[in-house]
Amino acid sequence: MKLRSKAAALLLLALAALLLALLSLRARRAPEPRVLPAALQRRPAPVAARPAEPRVFPGDLRPRSPPRRPPRPHPRSRRPGAAGRHKLARRPGEAQSFRSVLPPDLWIHLAVVACGNRLEETLVMLKSAALFSHRKMRFHIFTEDALKPEFDKQLRQWPDSYTKKFEHRLYPITFSVGNPQEWKKLFKPCAAQRLFLPVILKDVDSLLYVDTDVLFLRPVDDIWKLLKQFNSTQLAAMAPEHEIPKIGWYSRFARHPFYGTAGVNSGVMLMNLTRIRSAQFKNSLIPTGLAWEDMLVPLYQKYKNAITWGDQDLLNIIFYFNPECLYLVPCQWNYRPDHCMYGSNCKEAEREGVSVLHGNRGVYHDDKQPTFRALYEAIRDFPFQDNLFQSMYYPLQLKFLETVHTLCGRIPQVFLKQIEKTMRRAYEKHVIVHVGPNPVH
């Protein structure tokens with residue numbers, strides 16, 4: 001009995017010791033479950049919250065997640081030149097507009113009359129217009145039948161980058177009223193044709209007429225814009241024949257009425273043909289007004305023994321009686337040897353530079369005014385695809401050094417100022433606009 005009691009007591013002690021050992025072991029491990037779950041809860045928390053970061057932190061560097069961006073313009077649209085190119089595509093007068101079909105009212109219409117040996121001069125004039133201008137042009141070329149094939153051939157040989165700027169149309173020499181042979185010989189061959197342009201070009205609203213010996217040193221677009229400056233009565237624009245009446249031809253020698261104090265020169269004439277066709281012109285023939293076409297022959301018959309410069313004299317007579325119809329442009333738009341051969345007397349050209357050069361008196365082809373000849377030859381010989389500065393402007397500066405013995409050659413800045421500005425503008429358009437400026441870091 002005693003043995004059984006002892007055995008039971010030992011068993012109970014063993015069980016108690018085992019229980020105490022288990023409790024001790026559990027007590028040592030109890031803190032671990034309380035630490036580990038907390039740590040595990042802290043680690044996944046950022047992972048679960050990361051999708052919300054783009055809305056909380058604007059500096060998120062994940063640009064490939066557009067759905068997480070706030071609704072605002074895409075930042076790539078703000079890189080230099082992106083928006084600018086979109087605007088340039090719709091800006092009037094820029095090269096981009098050549099790719100689209102322009103409505104008729106956006107074309108520039110340029111007319112010239114070329115007879116005899118004026119083929120080369122006319123082509124150089126048209127080349128200067130194509131080199132610098134932006135808007136699309138339509139050349140209206142009035143010429144003799146013998147010259148038409150050569151005009152067509154030469155113009156079609158120009159590079160595509162220039163031929164896409166213009167269309168050309170060839171017309172015969174025609175006079176709607178009077179004696180054609182008498183009109184043709186009025187002054188220089190066929191020059192009187194300009195008087196009949198409003199009658200012939202019935203579908204043209206406005207027109208810029210120039211003589212064959214004219215060169216554009218800036219875009220034709222710029223002189224075309226002067227049409228918008230006409231008031232309600234003005235229908236044509238010309239420059240004065242002289243700036244100083246006391247040395248002017250008309251003020252000293254004219255035997256017929258002329259515009260203003262020194263007359264006007266018709267070598268560059270901007271016309272609103274629609275207004276000319278609808279106007280009734282005051283005159284010295286009858287008390288009432290006459291239409292343009294009805295006025296030409298009677299005026300010529302009345303004054304033909306007094307006129308010296310042909311059609312230009314007739315235009316001076318017309319605007320003498322109708323001064324409100326004429327818009328007078330500064331001499332820089334029709335700069336001739338008279339403006340410098342006796343000393344510089346065109347103040348606008350001194351300030352702005354020559355815009356349109358008029359080499360009358362044959363100065364492109366003799367040695368009397370080498371400055372004019374140098375400009376003519378520079379444009380004539382310029383290869384279309386070459387750099388304007390390297391192949392035209394810099395050689396032109398060197399040529400001008402050889403003309404300082406003349407009064408015109410002593411003011412080279414007058415001839416170079418506008419053409420340099422025009423070339424720089426063309427360079428910026430092709431290089432900076434199309435290629436783009438250097439990115440800002």
Side-chain angles (χ1 to χ4, degrees), residues 109-116 118 122 139-144 169-214 234-239 241 250 254 256-259 263-286 289-323 325-327 334 358 360:
H109 292 267
L110 179 65
V112 63
V113 179
C115 291
R118 299 299 179 114
T122 307
F139 297 153
H140 302 271
I141 305 171
F142 291 80
T143 188
E144 298 165 313
R169 295 181 179 179
L170 298 166
Y171 303 82
I173 302 297
T174 55
F175 304 98
S176 58
V177 293
N179 185 334
Q181 294 303 319
E182 197 169 4
W183 282 121
K184 190 172 183 179
K185 298 176 182 178
L186 180 61
F187 182 51
K188 293 180 180 178
C190 311
Q193 180 72 76
R194 85 185 80 184
L195 297 174
F196 296 86
L197 297 180
V199 181
I200 298 171
L201 302 176
K202 294 182 182 295
D203 297 330
V204 177
D205 175 70
S206 297
L207 180 76
L208 175 62
Y209 167 85
V210 295
D211 285 347
T212 60
D213 50 9
V214 159
Q234 291 165 341
L235 46 77
M238 288 188 281
E241 174 70 16
Y250 283 107
H256 57 78
F258 56 89
Y259 177 86
V264 287
N265 184 279
S266 61
V268 178
M269 186 176 180
L270 187 63
M271 294 178 278
N272 185 318
L273 299 185
T274 301
R275 290 186 179 184
I276 291 176
R277 286 188 288 262
S278 61
Q280 292 291 312
F281 293 88
K282 298 188 293 290
N283 57 85
S284 60
L285 305 169
I286 60 175
L290 283 172
W292 182 269
E293 186 178 18
D294 297 335
M295 178 177 51
L296 296 178
V297 172
L299 268 185
Y300 170 66
Q301 292 297 333
K302 180 175 181 178
Y303 292 103
K304 66 178 181 180
N305 293 325
I307 60 177
T308 302
W309 308 111
D311 50 293
Q312 177 173 291
D313 289 347
L314 288 177
L315 289 169
N316 268 280
I317 294 168
I318 291 172
F319 289 111
Y320 168 83
F321 291 106
N322 302 271
C325 294
L326 187 66
Y327 178 79
N334 189 347
H358 186 181
N360 62 342

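Start at 1 with the first residue, then count along the sequence.
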All N/O donor-acceptor pairs, side-chain side in residues 195-205, below 3.5 Å, sequence neighbours left out:
{"from": "K202", "atom 1": "NZ", "to": "V199", "atom 2": "O", "distance (Å)": "3.3"}
{"from": "D205", "atom 1": "OD1", "to": "T274", "atom 2": "OG1", "distance (Å)": "2.5"}

Quick one: closest heavy-atom pair of E241 and N265, and the distance? OE1-ND2, 2.9 Å
Heavy atoms only: give me the nearest F258-G263 pair and the separation to one decimal. CD1-N, 3.6 Å
List the atom of V264, the atom of M238, and the distance in Å for their closest heavy-atom pair. CG2-CE, 3.7 Å
Go through it in stages, so that I can follow the logic: the residues are H256 and Y250, the test is side chain to side chain contact (heavy atoms under 4.5 Å, CB included), and I'd like the CA-CA distance, side-chain angles, deciding distance and then a yes or no. CA-CA 9 Å; H256 57 78; Y250 283 107; 3.7 Å; yes
Quick check: does any side chain N or O of N322 sit under 3.5 Å from a backbone N or O of C325, one acting as donor and the other as acceptor? no
Within-4.5 Å side-chain heavy-atom neighbours: I307 and I317: yes
Interatomic distance, CH2@W292 vs CE@M271, rounded to 0.5 Å, equals 7.5 Å
Could you state the interatomic distance from CE (M269) to CG (L208), rounded to the nearest 0.5 Å? 10.5 Å
Please test V210 against L110 for side chain to side chain contact (heavy atoms under 4.5 Å, CB included), starting from the C-alpha separation and ending with a verdict. CA-CA 8 Å; V210 295; L110 179 65; 3.9 Å; yes
Gap between atom NZ of K282 and atom CD1 of I286 - 0.5 Å precision: 13.0 Å
Close side-chain approach of L235 to F319, heavy-atom, < 4.5 Å: yes
For Q312 versus S266, what's the shortest heavy-atom pair and its separation? OE1-N, 3.0 Å
For residues A291 and F281, report the shortest heavy-atom separation together with the two atoms involved. C-CD1, 4.4 Å
Taking the side chain from E144 and the backbone from G116, do they hold a donor-acceptor pair closer than 3.5 Å? yes
OH of Y259: more than 12 outside heavy atoms within 6.0 angstrom? yes
Quick one: CD1 on I276 to CD on E293, what's the gap to the nearest 0.5 Å? 13.0 Å
Correct closest heavy-atom pair for G267 and N334 would be N-ND2, 4.2 Å
Would you give the length of the straight line joining atom CZ of R194 to atom CG of D311, rounded to the nearest 0.5 angstrom? 4.0 Å
As a quick check of understanding, evaluate side chain to side chain contact (heavy atoms under 4.5 Å, CB included) for T212 and V113, giving each step before the final call. CA-CA 7 Å; T212 60; V113 179; over 6 Å; no
Chi angles and distances behind the side chain to side chain contact (heavy atoms under 4.5 Å, CB included) call for L290, L285: CA-CA 9 Å; L290 283 172; L285 305 169; 4.0 Å; yes
CG of L326 to CD of Q234: how many Å apart, nearest 0.5 Å? 7.5 Å
